[in-house]
Amino acid sequence: MGCSSSSTENKKSEKVVKAALVIQNWYRGYRARLKARQHYALTIFQSIEYADEQGQMQLSNFFTFMLENFTPSRKEDPALVSRLFETTFQDIKDRRDYVGLIDVPDSYEGPRLEFPLTFTDIGQLLEAFKQQQILHAHYVLGVLFETRKLLKQMPNFTHVKTSPSKEITVCGDLHGKLDDLFLIFYKNGLPSGNNPYVFNGDFVDRGSNSIEVLMILLVSFLVYPNDLHLNRGNHEDFMMNMRYGFTREILNKYKLHGKKILQILEEVYTLLPIGTIIDNEILVIHGGISESTDLNLLHRLERSKMRSVLMPPVSINKDNATDLKKSKMGITLTAPGRVRSSDLSSEQLSKHEWEQIVDILWSDPRGRKGCYPNTSRGGGCYFGPDVTSKVLNKYQLKMLIRSHECKHDGYEICHDGKVITIFSASNYYEEGSNRGAYIRLGCGMNPRFFQYRVTSSTCMSPLHHRVHAMENSAIRILKERIISRKTDLMHAFQLRDHSRSGKISIAQWAFSMESILGLNLPWRSLSSRLVNIDKSGNVDYMSSFQDVHIEKPVKEVHSTLIETLYRYRSDLQIIFNVIDSDHSGMISMEEFRTMWKLFRTHYSVDIDDSQVDALANTMDLNKDGSIDFNEFLKAFYVVHKYEKLSTSEAS
Amino acid sequence: MAEDKDREELALAEFHKKIKEAFEVFDHESNNTVDVREIGTIIRSLGCCPSEGELHDLLAEVEEEEPTGYIRYEKFLPVMTKVLQERRYRPIPEDVLLRAFEVLDFAKRGFLTKEELVKFMTEEGEPFSQEEMEEMLSAAIDPESNSINYKEYITMMVIDEN
């Protein structure tokens, strides 16, 4: 107990405390920076996703532009125009005739469903998909036909009641992630009379098991039509599927019957209900609302006429029903076999009705008051808390549950507790990007949230591994964006580089990147991963393009052409797919040229038609006057310098 | 003189832009507020390393008179700008960090056992939460020896950040 020994002890423990403080301080800083990097990566994924959707909506303008500037005649008009004018679904025969024409061979080892379906079929399907089997086209079509029949009887909004003994579960976007659906059923039980579900749209696209997810949901719906509720999402749209992967998945998995499946799927989408209303208090819809949302109108309109967000109603000139005429307002049709202009109006939704649905499927809530066009996505609007209050009050509702946006924790509450976003596809952008969640609701009770994450490993990798993977993935797609705008970016950089030193300030670099790419990202925070910065804080702007280049399919082609084709790759993909109405993968060179001319005019692309023509010919993709457009588009891809060859090919 | 002033203004503008970027990433509703629980992350992501105690004091400066659970950008910006201009809460240099580990390594073996690390981190200084402790262990501990070779660990972390 002597003074000296206790003072050395005190000194020692003081040193220990100090050391501990240093380590804790450092670790907390490091951990926070990791979390911030994770959020930056998420922001990159989201911005690019929405910018893509915006591009998608611009395509809609292109189609409208085409329709308004084209004089159709039987001989000359491209398949594209007639396809866009098609307002009635092809005469798909009765199920018996159609499905019956497809045989299931004895050698087929996959699941065999028996109509009328029962809960054993659900179990069978789940088991089979866990074994990665593929459901035979015969059954896929059978399910789609039965679904179409049943959905036709259902109203635009499903009204549901809960009770203390019967809670309902609401799930958000699944996007073809089968593992998430398995996990939900594992944690929350299979759908049944006592365990009702609402699936709030976006079942398909992006993930690799869209058809399996869709089949499970539709089969469950057929077995429990009063307890399994499906809402249409913006991806339940045949044109969106062309761009975001579902069309490709079907054509790959069902080489023989894929086209038939796509045809009937298109119609089934239009029959999906617009929303669900729970206990007359909670509105469940995929996207959101606008200040003009009219639930009464939405209840009344004919939802089956809403074919695609890229096919707005065509305006008609009623006065000249018997002439072929080009007019500023629109086009008149008379060619026999085509729908007459007087019929056209009854075959389409009014512009107002169409916009009402687009708002429901595409809008996003934001903190700012009011209602503004959703410029990120190019469709629907941003709605503020005042809009929410106004619309909910108008229809005596208490809450809005929606999906449509990926949230880090699987769900998010905003607008004073009145709006809940629920998102059920975990690891949506990348392993570790976000959790998925679902909500359980019982009458009178507060909603309960359940979160989860699908992991391929048995234990989670350390935080920095996950952040790394996510970050690398995000930076990769950002760099692809950057290289696709190289010419415009260089121009912007050089404009600011008065001394021709090859360097500009960080502020100038950030400003150029943001204005050219149109992406609202934390450029300064990301700069260290995108460019070389010297000691005085100046950016070597050419380093924005290092390590990445677009592969030239043919040496003699001009870089600008390559860049442009790469940039509009997705839009071209859709246009080609629409022209190729029989899904053969080929269009004629004639159609290709016509379409390119129109495209170039509308998008103000400064490239000579002859260049594109020469390119298509040189690539020699086909000698019989047709072009295999998938091969054509695949030829434009970005090579990342430090990646292995197998991962550098275009998706 | 005028040039100096210009440079100062430019530097200030740059600080503001940096702070805005870091703030916006956590502003989920795009209404210029963030959850108070994210402030520590935001400040640290800007390169500062305040202790928990210092963070607490900073929070007091940016919170509303009646705490709402949210911090507004208008209050955060001036406080954070001063922090950056005064270069407060500088990060820990690598060698200081190494020496701290060496202090805890009484027997000078070059490593700490898992139990020792947990004891120090959860009982001394500004103790870790369970989540913080688990996260550090998942990356730091070598499962075979159940210990942390702190020199290697530090080197790995430094590489990861750069």
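Just so we're on the same page: letters track the sequence lines, and every chain starts at 1.
For the atom pair CD of B/Glu24 and CG of A/Asn520, the computed distance is 6.0 Å after rounding to the nearest 0.5 Å. Atom NZ of A/Lys35 sits about 4.5 Å away from atom CD of B/Glu135, to the nearest 0.5 Å. In this structure, the separation between CH2 on A/Trp26 and CD1 on B/Ile154 is 7.0 Å, given to the nearest 0.5 Å. For the atom pair A/Arg28 CZ and B/Arg44 CZ, the distance stands at 6.5 Å (nearest 0.5 Å). Atoms CG and CD, from A/Leu526 and B/Glu21 in turn, are 7.0 Å apart once rounded to the nearest 0.5 Å. Taken to the nearest 0.5 Å, the NZ atom of A/Lys369 stands 11.5 Å off from the CG atom of B/Asn31.
For A/Ser525, the parts sitting under 4.5 Å from any heavy atom of chain B are the backbone and the side chain alike. Only the backbone of A/Leu521 comes within less than 4.5 Å of a heavy atom in chain B; its side chain stays farther off. Residue B/Val96 touches chain A through both its backbone and its side chain, counting heavy-atom pairs closer than 4.5 Å. Looking at B/Glu123, there are no atoms closer than 4.5 Å to chain A (heavy atoms on both sides), in backbone or side chain. Neither the backbone nor the side chain of B/Phe23 has a heavy atom closer than 4.5 Å to any heavy atom of chain A. When heavy atoms are compared at a cutoff of 4.5 Å, A/Arg31 approaches chain B solely by way of its side chain, counted from C-beta outward. Within the 4.5 angstrom heavy-atom criterion, atoms from both the backbone and the side chain of B/Phe101 approach chain A. In this structure, the portion of A/His468 lying under 4.5 Å from any heavy atom of chain B is its side chain and not its backbone.
Heavy-atom minimum distance, A/Lys15 versus B/Val103: O-CG1, 3.9 Å. In this structure, B/Ala100 and A/Ile23 approach most closely via the heavy-atom pair CB-CG1, 3.9 Å. Taking every heavy atom of both residues into account, B/Val25 and A/Pro522 meet most closely at CG2-CG, 3.8 Å. When every heavy atom of A/Arg33 is checked against every heavy atom of B/Ser45, the shortest pair comes out as CG-CA, 3.9 Å.
Side-chain atoms of A/Gln24 come within 3.5 Å of backbone atoms of B/Glu124 as a donor-acceptor pair (strictly under, hydrogens ignored). Remark: the backbone N or O of B/Met136 is paired with a side-chain donor or acceptor of A/Tyr27 at under 3.5 angstrom.
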Salt bridge (charged side-chain N to carboxylate O under 4.0 Å, His left out) evaluation trace for B/Glu14 with A/Arg524: CA-CA 9 Å; B/Glu14 271 307 293; A/Arg524 284 162 183 75; 3.0 Å; yes
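The 12-atom threshold is not exceeded at CZ of B/Arg87, counting heavy atoms of other residues, nucleotides or ligands nearer than 6.0 Å. Atom CZ of A/Phe511 has 12 or fewer neighbouring heavy atoms from other residues, nucleotides or ligands inside a 6.0 Å radius. Residue A/Tyr372 qualifies as enclosed at atom OH: its count of foreign heavy atoms under 6.0 Å is above 12. Within 6.0 Å of the CG atom in A/Asp416, the count of heavy atoms belonging to other residues, nucleotides or ligands does not exceed 12.
When each of A/Val467, A/Leu21, A/Leu42 is scored by its heavy-atom pairs under 4.5 Å with chain B, the top score falls to A/Leu21. Here B/Glu126 is the residue among B/Lys18, B/Glu134, B/Glu126 with the most heavy-atom pairs under 4.5 Å with chain A.
Contact annotation for residues 106-121 of chain B against chain A (heavy-atom separation below 4.5 Å, listed by residue number): B/Phe106, B/Phe120, B/Met121.
At a threshold of 4.5 Å between non-hydrogen side-chain atoms, the residues B/His28 and A/His408 do not count as touching.
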